[in-house]
Amino acid sequence: MNYDLVLGNVHLLDGRAADIAISGDRIAAIEGAGLLSAPKRIDGGGGLCLRPLSDSHIHLDKSGTVQPGIRPPRTLSEAISTMSTVKRAAKSDPEEVRRRMVNTLNGLRRNGTRCVRALVDVDETWGLTGFEAALAARKEIGGAVKMQIVAFAQEGMTDRVAGLLSDAASRGADVIGAHTDVDQDPTNHIRTAVSIAEKAKLPLEVHVDEPATAEHFKLPLVLEYARDVPGLTLVHCLSLGKQPLAVQDRWIREIKSAGATVVVATSVLLFGLPLVPVGKLLDAGIHVAVGSDNLQDVFVPLGTGRLLETVRTVMLAAQLNRPEWMTALLRGATGVGFKLVTGGAPDLEPGSPATFSVFTGKSPSAVLFGEDEIRITVVDGNVEEEAGK
Ligand SMILES: [Zn+2]
């Protein structure tokens with residue numbers, strides 16, 4: 001076989017030492033280390049080879065809105081109301097919103113993130129201002145970051161918002177975003193979002209149960225209406241961990257049978273809220289992705305955008321002290337996110353996109369414990385960097 005390129009001497013997530021052959025923009029073959037050859041060969045130095053860092057959930061329209069000295073909000077509704085002030089100002093200067101977005105995307109790119117699922121609010125306060133800025137930012141950032149746009153009903157689902165979401169869907173939105181906790185009538189909110197997603201043939205992403213109380217448990221409602229929507233993503237699911245153990249187990253099985261991906265983010269910790277029981281989801285074989293969520297914005301002023309730091313914080317907060325959990329969550333921040341954003345296979349396999357990063361560390365634990373420099377990134381068959389060699 002003639003290949004364009006062989007990336008030799010890497011380790012895969014399952015521990016195998018391998019060579020990866022590339023033809024065009026695809027992985028052509030994966031064999032044991034030293035077994036493949038091509039006119040061009042790059043040495044991977046034995047490093048762990050994974051899909052690139054993929055941030056599965058970031059509120060791109062909000063990132064970078066924090067001002068020095070600001071007091072973090074105490075509640076979700078306080079945060080939404082502060083953001084409304086930002087939106088009203090942005091309506092007269094949408095260019096500024098685009099600039100902020102591009103800044104954030106460039107910062108993520110510098111930290112090694114190559115795939116991003118970006119949320120923008122669609123609401124009566126600023127209409128499609130954030131969505132249009134995201135379209136322009138995506139154009140400007142080009143191939144440096146593969147970016148999906150979620151048109152998100154953060155401020156609630158009115159008839160006008162439903163119309164705006166449908167407009168966004170016809171103009172380049174990739175996902176419809178909903179929330180269980182922003183409307184008096186969550187059933188109407190979820191049903192409307194499901195119907196918009198189904199009509200537009202787009203995936204649905206739902207912020208689920210941010211109050212994190214036993215009584216406020218809307219996950220069953222979301223699954224009742226949305227379980228058949230292809231590409232369902234559930235963000236946070238904070239009330240699940242407050243249920244009795246048998247109830248948790250039952251709804252974890254339901255998430256699994258719906259084929260939904262769950263996204264964890266550490267932003268909620270600042271509100272004193274617990275994460276979803278991450279270890280249980282991973283034990284059940286549910287795909288768990290990782291997102292920055294709020295990045296230096298008026299909701300949460302913290303966050304570095306360094307996705308491996310977020311992975312480590314999730315591990316601390318969710319007490320993920322087993323090696324198999326660590327490996328699964330690292331896959332969540334790479335392969336699972338890559339699949340969400342691009343539709344490509346989460347793991348490296350022949351026929352799948354030749355898009356991946358090689359880290360300095362040779363194993364998941366080596367990378368998580370600090371050998372986390374990215375040596376090489378290949379995007380669609382193009383070797384884009386060979387840093388740290
Ligand atoms: Zn969010």
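Values reported hereafter were calculated over all heavy atoms of this structure, with side chains retained and with hydrogens, waters and symmetry mates removed. One-based numbering, in listed order, for ligands and for the atoms of each.
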K.L.:
Using only atom types and a distance under 3.5 Å, with no angle test, would you say the side chain of R114 pairs donor to acceptor with the backbone of L53?
P.N.:
no
K.L.:
Could you grab the protein N, O or S atoms closer than 2.8 Å to the Zn ion (ligand 1) for me?
P.N.:
H57 NE2, H59 NE2, H207 NE2, D293 OD1
K.L.:
Check R312 with D372, please: is the shortest side-chain N to carboxylate O separation under 4.0 Å?
P.N.:
yes
K.L.:
Ignoring hydrogens and angles, state whether a donor on the side chain of S292 or D55 is under 3.5 Å from an acceptor on the partner side chain.
P.N.:
yes
K.L.:
With a 3.5 Å cut-off and no angle check, do the side chains of D293 and H59 form a donor-acceptor pair?
P.N.:
yes
K.L.:
Determine which pairs satisfy side-chain hydrogen bond (donor to acceptor under 3.5 Å, both in side chains) with at least one residue from residues 139-148, sequence neighbours left out, and list them in order.
P.N.:
R98-E140, R117-Q148, K146-D380
K.L.:
Does F299 have K62 sitting over its ring (NZ/CZ under 6.0 Å from centre, angle to axis within 45°)?
P.N.:
yes
